[in-house]
Amino acid sequence: MPFSVATWNINSVRLRIDLVLQFLRDYQPDVLCLQETKCPDDLFPREAFHMAGYEHIEISGQKGYHGVATLSRRPLSEPARVGFCNIADCRHLSTIVTAGAKRLRIHNFYVPAGGDEPDPLINPKFAHKLGFLEEMKAMNAVYGDGHASLLVGDLNIAPLETDVWSHKQLLKVVSHTPIETETFEALRKNGGWSDLMRHYIPPHEKIYTWWSYRAADWAAADKGRRLDHIWGSPDLENDLANITILREARGWDRPSDHVPVIARFNLD
DNA sequence: ATGGTGGCCACGCCA
């Protein structure tokens, strides 16, 4: 089995523990990065994941909101949590895993959604989102330490025109405004990151990973956005075997509004 | 047409 990493905004890991376990049984990613676990660390369902073969678990959780977790079949080392914007919320967790000859640093991110009004002067949540992106510029794909890197998670921005159901209708909607998409692409490129989903799926094809709960029929309307991302250091482009976006997961019983994205690599 | 749904957890906040 080649090395694989999945990312999934689960919108409550406790409520959807059975969905996650089913996903792990069916797809068996080596590493699963969860966001919006909404679970304090002492209540995290560690035992259920241990039983499913995911014995290596790092978590950064809080009561009610946010929270990220990285689950792995392989040992995880050097867990690190970076705080952003001087707010004590749980939006980042990095770990290191071995894949083939590579030591791979995996950043698991949950970027602030940013509220409804795309104006930092009147909406503190949008100001927080922009401030968070500023601080994300410190995340580089390549350091001098010989590690390869992945940066995955719910980044809450759909950068390309083909990452939303209607570019024109979403230009003033938070997640697709020019200030967000331009800042996002600049920080990705300046940080030396490759957009691995777009490396595998050509930019002219529509990709969505999220569909709002507020639709009578999400599949018929299909008003999705690509809010979840897998970035990698450039060396990983050559190792990438494929990307799977599990659209069907949006139709599962009591689903998350996000679906899993899986990257598989030609690494053992 | 400018509300619609969902999760947390105890009621309004966040997405």
Side-chain angles (χ1 to χ4, degrees), chain A residues 7-23 33-45 48 59-69 83-92 108-120 122-133 136 152-159 163-166 168-177 180-181 184 208-229 247-261:
Chain A
T7 180
W8 193 9
N9 177 321
I10 194 60
N11 187 16
S12 175
V13 67
R14 283 176 290 172
L15 186 72
R16 277 180 255 286
I17 183 67
D18 290 337
L19 281 190
V20 184
L21 293 174
Q22 185 63 54
F23 169 73
C33 295
L34 294 172
Q35 302 87 36
E36 278 207 273
T37 51
K38 296 185 173 177
C39 181
D41 289 352
D42 56 340
L43 297 178
F44 194 87
I59 55 183
S60 179
Q62 65 185 86
K63 183 178 176 183
Y65 305 104
H66 324 312
V68 293
F84 287 80
C85 304
N86 289 313
I87 298 174
D89 53 6
C90 298
R91 298 181 176 277
H92 170 266
N108 179 357
F109 264 99
Y110 176 50
V111 172
D116 289 330
E117 188 58 52
D119 181 348
I122 60 173
N123 175 10
K125 290 181 206 161
F126 196 70
H128 178 211
K129 186 176 197 175
L130 297 181
F132 196 98
L133 294 177
M136 270 183 84
V152 312
D154 177 3
L155 305 186
N156 266 316
I157 291 172
D163 292 334
V164 292
W165 64 275
S166 169
K168 211 170 164 181
Q169 287 176 259
L170 288 176
L171 274 169
K172 292 181 177 172
V173 174
V174 171
S175 74
H176 194 63
T177 64
E180 291 171 272
T181 58
F184 186 86
Y208 312 141
T209 64
W210 171 89
W211 292 260
S212 172
Y213 284 125
R214 302 175 191 177
D217 186 336
W218 72 274
D222 201 21
K223 293 183 173 180
R225 306 177 202 170
R226 180 169 72 117
L227 301 180
D228 302 275
H229 297 268
R247 178 187 169 102
E248 68 190 66
R250 185 61 180 79
W252 290 348
D253 189 40
R254 296 201 77 187
S256 169
D257 45 355
H258 296 252
V259 300
V261 183

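Keep in mind that what you see is a predicted model, and the values were worked out from it rather than measured. Computation of the quantities below employed the complete heavy-atom set of this structure, encompassing side-chain atoms and omitting hydrogens, waters and symmetry-equivalent molecules. By convention in this document, chain letters (A, B, ...) are assigned in the order of the sequence lines, proteins followed by strands, and residues within each chain are numbered from 1.
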Student: Evaluate the ring planes of A:F184 and A:H229, with Trp represented by its six-membered ring, and classify them as parallel (under 30°), tilted (30 to 60°) or perpendicular (over 60°).
Tutor: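 Aromatic pair A:F184/A:H229 classed tilted.
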
Student: In whole Å, what is the span from the CG atom of A:D116 to the C1' atom of B:dC13?
Tutor: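 Computing the A:D116:CG to B:dC13:C1' distance gives 12 Å.
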
Student: Mapping A:R254 and A:G114 to their closest nucleotides on DNA chain B, which lands nearer the 5' end?
Tutor: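 The 5'-side residue here is A:R254.
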
Student: Between A:R14 and B:dG7, does any side-chain N or O lie under 4.0 Å from OP1 or OP2?
Tutor: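 A:R14 to B:dG7 OP1/OP2: no side-chain N or O under 4.0 Å.
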
Student: If I take atom CZ in residue A:R214 and atom C1' in nucleotide B:dA1, what distance separates them, rounded to the nearest angstrom?
Tutor: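 To the nearest whole Å, that distance equals 15 Å.
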
Student: Taking only the side-chain nitrogens and oxygens of A:K63, find out if one of them lies under 4.0 Å from OP1 or OP2 of B:dC8.
Tutor: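 So the side-chain polar atoms of A:K63 never come under 4.0 Å of the phosphate oxygens OP1 or OP2 of B:dC8.
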
Student: For B:dC8, does OP1 or OP2 lie under 4.0 Å from any side-chain N or O of A:S12?
Tutor: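 Answer yes for this pair, as a side-chain N or O of A:S12 is under 4.0 Å from OP1 or OP2.
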
Student: For the pair made of CZ in A:R91 and P in B:dC14, what is the distance, rounded to whole Å?
Tutor: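 My rounded result for the distance is 11 Å.
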
Student: Name the stems with DNA chain B in them: runs of three or more consecutive Watson-Crick or G-U pairs, distances under 3.5 Å?
Tutor: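 Detected stem regions: B:5-8 with B:12-15.
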
Student: Please report, rounded to the nearest Å, how far the P atom of B:dC14 is from the CG atom of A:N156.
Tutor: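 So the two atoms are 14 Å apart, to the nearest Å.
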
Student: Quick check: on DNA chain B, is the nucleotide nearest A:G64 upstream (toward 5') of the one nearest A:E36, or the reverse? Name the residue that is more 5'.
Tutor: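 Residue closer to the 5' terminus by nearest nucleotide: A:G64.
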
Student: Quantified in whole Å, what is the C1' atom distance between nucleotide B:dC11 and nucleotide B:dG7?
Tutor: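 Taking atom C1' in both B:dC11 and B:dG7, they lie 13 Å apart.
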
Student: What's the CG-P distance between A:L155 and B:dA15, to the nearest Å?
Tutor: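 Spelled out: CG on A:L155 to P on B:dA15 is 15 Å.
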
Student: Of all the choices, B:dC8, B:dC14, B:dC9, which nucleotide is nearest to the side chain of A:L15 once you look at every atom?
Tutor: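 Looking only at side-chain atoms, A:L15 lies closest to B:dC8.
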
Student: When the C1' atoms of B:dG4 and B:dC14 are compared, how many Å lie between them, rounded to an integer?
Tutor: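 Going atom to atom, C1' in each nucleotide, I get 16 Å.
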
Student: Atom NE2 of A:H66 and atom P of B:dA15: how far apart are they, to the nearest Å?
Tutor: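 Computing the A:H66:NE2 to B:dA15:P distance gives 6 Å.
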
Student: Rounding to a whole Å, what distance do you find between A:N9:CG and B:dG6:P?
Tutor: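 My rounded result for the distance is 16 Å.
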
Student: Heavy-atom count around A:D42 CG within 6.0 Å, excluding the residue itself: above 12?
Tutor: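 Enclosed.
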
Student: Could you walk me through whether A:W210 and A:D154 pass the side chain to side chain contact (heavy atoms under 4.5 Å, CB included) test, one step at a time?
Tutor: CA-CA 10 Å; A:W210 171 89; A:D154 177 3; over 6 Å; no

Student: Step by step, would you call A:S175 with A:E180 a side-chain hydrogen bond (donor to acceptor under 3.5 Å, both in side chains)?
Tutor: CA-CA 7 Å; A:S175 74; A:E180 291 171 272; 5.7 Å; no

Student: Can you tell me, in whole Å, how much space there is between the P of B:dC13 and that of B:dC9?
Tutor: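 To the nearest whole Å, 16 Å.
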
Student: Regarding A:Q62 and A:D89, is there a side-chain donor-to-acceptor distance under 3.5 Å anywhere?
Tutor: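 On atom types as modelled, these side chains do not qualify, holding no pair under 3.5 Å.
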
Student: Any ion pair linking A:D222 and A:R250 (charged N to carboxylate O, less than 4.0 Å)?
Tutor: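 Here A:R250 does not pair with A:D222 in a salt bridge, since their nearest N and O are not under 4.0 Å apart.
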
Student: Just by distance, no angles: are the side chains of A:R16 and A:S256 close enough, under 3.5 Å, to form a donor-acceptor pair?
Tutor: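 Side chains of A:R16 and A:S256: no pair found under 3.5 Å.
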
Student: Can you label the angle between the A:Y110 ring and the A:H66 ring as parallel, tilted or perpendicular, going by 30° and 60°?
Tutor: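 Aromatic pair A:Y110/A:H66 classed tilted.
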
Student: Within the structure, does a side-chain N or O atom of A:R16 lie under 4.0 Å from either OP1 or OP2 of B:dG7?
Tutor: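 For B:dG7, OP1/OP2 do have a side-chain N/O of A:R16 under 4.0 Å.
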
Student: From C-beta outward on A:Y65, which listed nucleotide comes closest to its side chain: B:dG7, B:dA10, B:dA15?
Tutor: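 From the listed options, B:dG7 comes nearest.
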
Student: How far does the P atom of B:dG6 sit from the matching atom of B:dA1, given to the nearest Å?
Tutor: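 Per the computed distance, 25 Å lies between those P atoms.
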
Student: Could you tell me how far apart A:I10 (CD1) and B:dG7 (C1') are, to the nearest whole angstrom?
Tutor: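 My rounded result for the distance is 12 Å.
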
